[in-house]
Structure formats: structure tokens, C-alpha cells
Participant: 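Dumping the structure here so I can ask a few things about it.
Side chains included, hydrogens not; waters and symmetry mates left out as well; all remaining heavy atoms used. Atoms within a ligand are numbered from 1 in the order they appear, just like the ligands themselves. Numbers here are sequence positions counted from 1.
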Amino acid sequence: MTNTKIPADHPRAKSLQVREKLVEHFREGIVAASGLIAHGRGEAFDYLLGERTTRPALEAIDAAAAMLLTAENPVISVNGNTAALVAGEIVKLAETTNAGIEVNLFYRSLEREVGIKELLEKAGATQVLGVGENATARIPELNSERRRVDPRGILAADVVMVPLEDGDRTEALVKMGKKVIAVDLNPLSRTAQKATITIVDNIVRATPKLVAISRKLKKQTTQECDEILRRFDNSKNLADSMTLIRKNLTRRAEKKSHPKREDQQNKV
Ligand code: PTJ
């Protein structure tokens with residue numbers, strides 16, 4: 001625990017609490033040092049998106065739920081940031097969609113793998129794949145430590161969910177014929193561009209929504225899930241997120257350039 005007390009009425013309390021959680025888990029060896037930097041990049045995009053789950057993100061969440069529920073062998077890949085921020089929600093999502101949970105790290109060390117496994121188990125996970133000697137399989141054409149996977153998990157999966165991913169593995173998994181669901185606040189990242197479905201949202205907001213929608217969709221027919229997937233277009237969805245960022249910026253810029261005009265509009 002850190003000694004920093006964040007006042008509940010601080011205008012950016014939520015965001016500061018998320019930072020604190022990451023720093024705490026960094027000190028405990030769960031989050032990689034680069035994970036803190038990666039979060040900073042995510043925050044910048046979150047700011048531009050308005051720090052809310054947007055309409056395109058909700059559409060991608062619907063499609064992701066449909067894809068997980070109709071998969072034969074879905075697996076959720078967990079890294080340091082994901083475990084620190086949403087371990088409990090990941091366990092609920094895995095239960096709802098019958099998905100496996102596998103630890104897969106860019107900055108791999110046995111201590112971190114075991115720490116993340118224990119965190120997931122504390123949150124209720126009964127089986128955590130990919131730890132230590134269990135990651136005997138290799139993803140072809142990938143040189144990072146992310147290539148080491150569990151033959152019962154990511155190697156055998158038809159759908160892999162990869163929150164906060166690097167582009168190389170997403171591309172390699174797609175080349176292996178797998179469908180990839182990414183959660184990435186940066187719609188321009190290689191991961192976002194290469195994934196089958198990209199949820200452009202903060203994992204802190206997106207994961208609980210994904211659990212809720214999966215629970216709801218689970219009561220529907222497979223045809224309904226198929227229909228959601230048929231309607232979803234990842235390229236268009238990413239373009240919609242980029243357009244939202246542009247519109248947010250334009251609105252903010254106009255407010256600065258024409259404050260009086262804004263005031264008049266607000267009075268109407
Ligand atoms: O735990 P490890 O060893 O596997 O390492 C994890 C990190 C995150 C360090 C590693 O995967 C990495 O270096 O990732 P990148 O290439 O920096 O990409 C992270 C992406 O996640 C960036 O595009 C960020 O915008 C995005 N991101 C950061 N925080 C969030 C996020 N997306 C959604 N929610 C967030 N909270």
C-alpha cells in the first residue's frame with residue numbers, strides 16, 4: 001500500500017485511484033515498469049475519447065461478447081496491467097463465456113507469472129494456464145517472450161482476447177488463423193489495427209460491461225450472436241472512434257476560439 005490518500009472529491013479521483021492501483025501492483029512485482037508508461041499512453045487517448053465508453057466501443061463490446069460465447073475454445077490472455085486493474089472481472093468473464101485464462105507476459109519472469117496467477121486465484125480463478133513449465137508451446141514468427149504459450153490454452157484456442165497487447169503477437173495470432181479480441185485505448189496502434197475486434201475503451205470500464213453483456217447475450221440464441229458478428233465491421237468501428245476524437249477536439253477548440261458563441265448555444 002502507498003501512503004497517498006486521494007480525496008474522494010478530487011476532480012480526477014477515479015483516474016488517480018487507477019494510477020495508485022497500478023503503482024501498488026508495480027511495487028508488488030505484478031506490473032512491469034513499462035506497464036506504467038503504457039498506462040500513461042492509454043490515459044492520453046482516454047482523455048481524447050472523453051473518458052467514457054463510446055458508442056463504437058459499446059458496439060465492439062457486443063461483438064466481443066458474441067464472439068466469446070460462440071467460440072469453441074476461447075482464452076483470455078492476462079498480463080500485468082490487466083491483472084492489477086481487473087482480475088475479478090476477468091474471472092467473471094471467463095466463467096460466463098467458458099473461457100480459459102492464461103498468463104502471457106511481454107516482460108516475462110517466473111516471479112511475475114506466479115504473482116499474477118495467485119492474484120487471479122484470489123479473485124476466484126480455478127485454473128490459470130501458461131505459468132512456468134506449462135508454457136511449452138511457441139507461437140511461430142514471434143521473437144518476444146510472448147511467444148511462449150500453453151498448449152492447452154492460447155495454442156489450441158480459436159478466439160484469444162488480448163487486453164493491452166503489443167502488435168507483434170496480435171499479428172502472429174491472426175496469422176495462425178485465430179480470431180483476436182483486443183482492448184486498446186489507442187485506435188491507431190498496430191494491435192488495434194490487426195485485431196479481429198478492437199474495443200477502444202479503458203479496460204477498467206470495458207471489462208465489467210463485457211461481463212454484463214455476455215451474461216445477457218448468453219440467454220439469446222447462437223443465431224443472434226452470429227447476426228451481431230455479421231453486422232460488425234472493425235475497420236469502420238476504428239474509424240468511428242477516430243472521428244469521435246476529431247469531433248471532441250474540434251468542439252473543445254471552438255469553445256476556446258468562440259467562447260461567446262458557445263455561451264449563446266448553451267442558453268438555447
Ligand atoms: O505485463 P507485461 O510484461 O505483458 O507488459 C505489459 C505492457 C503493457 C507493458 C506491454 O504489453 C506493452 O509494452 O504494451 P504497449 O505496446 O505499450 O501497448 C499497450 C497499449 O495499451 C497502448 O496502445 C495503450 O494505449 C493501451 N492501454 C494502456 N492502458 C490501457 C490501455 N488500453 C485500455 N485500457 C487501459 N487501461
Participant: Would you say atom 31 (C) of ligand 1 touches the protein, meaning some protein heavy atom is under 4.0 Å from it?
Facilitator: yes
Participant: Could you verify whether a donor N or O on one side chain and an acceptor N or O on the other, from Asn79 and Thr82, lie under 3.5 Å apart?
Facilitator: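 Yes, side-chain donor-acceptor contact under 3.5 Å.
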Participant: For atom 34 (N) of ligand 1, grab the closest protein heavy atom and report residue, atom and distance to one decimal in Å.
Facilitator: Ile203 N, 3.0 Å
Participant: For a side chain to side chain contact (heavy atoms under 4.5 Å, CB included) check, start with the C-alpha distance between Leu49 and Ile245, then their side-chain angles and the critical distance, and finish with the verdict.
Facilitator: CA-CA 5 Å; Leu49 285 158; Ile245 290 177; 3.8 Å; yes
Participant: Does any donor atom in the side chain of Arg146 or Ser77 lie under 3.5 Å from an acceptor atom in the other side chain?
Facilitator: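 No, because no side-chain N or O of Arg146 sits under 3.5 Å from a partner of the opposite role on Ser77.
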Participant: How does Asp201 reach ligand 1, if at all, at less than 4.0 Å between non-hydrogen atoms: by side chain, backbone, both, or neither?
Facilitator: backbone
Participant: Just need the protein heavy atom nearest to atom 21 (O) of ligand 1, so name the residue and atom and give the distance.
Facilitator: Leu164 CG, 3.5 Å
Participant: Counting distance only, does the side-chain N/O of Arg112 pair as donor-acceptor with the main-chain N or O of Leu105 below 3.5 Å?
Facilitator: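 No, Arg112 side chain to Leu105 backbone: no donor-acceptor pair under 3.5 Å.
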Participant: Got the closest protein heavy atom to atom 6 (C) of ligand 1, with its distance?
Facilitator: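 Here the closest protein heavy atom is Asn79 ND2, 3.6 Å.
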Participant: When you measure from atom 10 (C) of ligand 1 to each heavy atom in Arg108, Arg146, Glu165, which option holds the nearest one?
Facilitator: Arg146
Participant: Atom 9 (C) of ligand 1: which of Ala44, Gly35, Ser77 has the nearest heavy atom?
Facilitator: Gly35
Participant: Asp201 and side chain to side chain donor-acceptor pair (under 3.5 Å): which single residue from Thr53, Thr207, Thr54 fits?
Facilitator: Thr53
Participant: Using a 4.5 Å cut-off on heavy atoms from C-beta on, say whether the side chain of Pro140 contacts that of Met176.
Facilitator: yes
Participant: I want to confirm something. Looking only at heavy atoms, which of Arg169, Arg112, Arg205 is nearest to atom 3 (O) of ligand 1?
Facilitator: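 The nearest heavy atom belongs to Arg112.
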Participant: Give me the atom names and distance for the closest heavy-atom approach of Ala65 to Leu210.
Facilitator: N-CD1, 3.7 Å
Participant: Please report whether atom 13 (O) of ligand 1 has a protein non-hydrogen atom at a separation of less than 4.0 Å.
Facilitator: no
Participant: Are any of the N or O atoms of Ala32 closer than 3.5 Å to those of ligand 1?
Facilitator: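 So ligand 1 has no N or O lying under 3.5 Å from an N or O of Ala32.
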Participant: Should Ser34 be counted as touching ligand 1, given the test is an N or O pair under 3.5 Å?
Facilitator: no
Participant: Below 4.0 Å from any atom of ligand 1, is there a heavy atom belonging to Val204?
Facilitator: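 Flag not set, Val204 not near ligand 1.
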Participant: With no hydrogens and no angle check, is any side-chain donor or acceptor of Asn248 less than 3.5 Å from a backbone partner on Leu48?
Facilitator: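 Such a contact is found between Asn248 side chain and Leu48 backbone.
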Participant: Between ligand 1 and Phe45, is the shortest N or O to N or O distance under 3.5 Å?
Facilitator: no
Participant: Under a 4.5 Å side-chain heavy-atom rule over Ile, Leu, Val, Met, Phe, Trp and Tyr, are Val204 and Ile76 clustered together?
Facilitator: yes
Participant: Between the main-chain N or O of Gly132 and the side-chain N or O of Glu113, is there a donor-acceptor pair closer than 3.5 Å?
Facilitator: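 Such a contact is found between Glu113 side chain and Gly132 backbone.
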Participant: To the nearest 0.1 Å, how far is atom 16 (O) of ligand 1 from its closest protein heavy atom, and which atom is that?
Facilitator: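 The closest one turns out to be Arg41 NH2, 3.8 Å.
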Participant: I need the Arg215 CZ to Thr97 OG1 distance, nearest 0.5 Å.
Facilitator: 10.5 Å
Participant: Please state which protein non-hydrogen atom is closest to atom 26 (C) of ligand 1 and give its distance, to 0.1 Å?
Facilitator: Asp184 OD1, 3.4 Å
Participant: Give the numbers and elements of all ligand 1 atoms closer than 4.0 Å to a heavy atom of Gly80.
Facilitator: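 In order of number, 1 (O).
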Participant: Starting from atom 5 (O) of ligand 1, locate the nearest protein heavy atom and write down its residue, its atom name and how far away it is, to 0.1 Å.
Facilitator: Tyr107 CD1, 3.8 Å
Participant: Apply side chain to side chain contact (heavy atoms under 4.5 Å, CB included) to Val149 and Asn104, showing your working.
Facilitator: CA-CA 7 Å; Val149 290; Asn104 185 277; 3.7 Å; yes
Participant: Do Leu22 and Val78 share a hydrophobic cluster, counting only Ile, Leu, Val, Met, Phe, Trp and Tyr and linking them when any side-chain heavy atoms are less than 4.5 Å apart?
Facilitator: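 Same hydrophobic cluster.
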Participant: Could you tell me whether some N/O pair between Leu185 and ligand 1 is separated by less than 3.5 angstrom?
Facilitator: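 Yes, Leu185 has an N/O under 3.5 Å of an N/O on ligand 1.
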Participant: Please determine if Asn202 has a nitrogen or oxygen closer than 3.5 Å to a nitrogen or oxygen of ligand 1.
Facilitator: yes
Participant: Any N or O of Phe106 that comes nearer than 3.5 Å to an N or O of ligand 1?
Facilitator: yes
Participant: At what distance is the nearest protein heavy atom to atom 8 (C) of ligand 1, and which residue and atom is it?
Facilitator: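 Sorting protein heavy atoms by distance from atom 8 (C) of ligand 1 puts Ala38 CB, 3.7 Å first.
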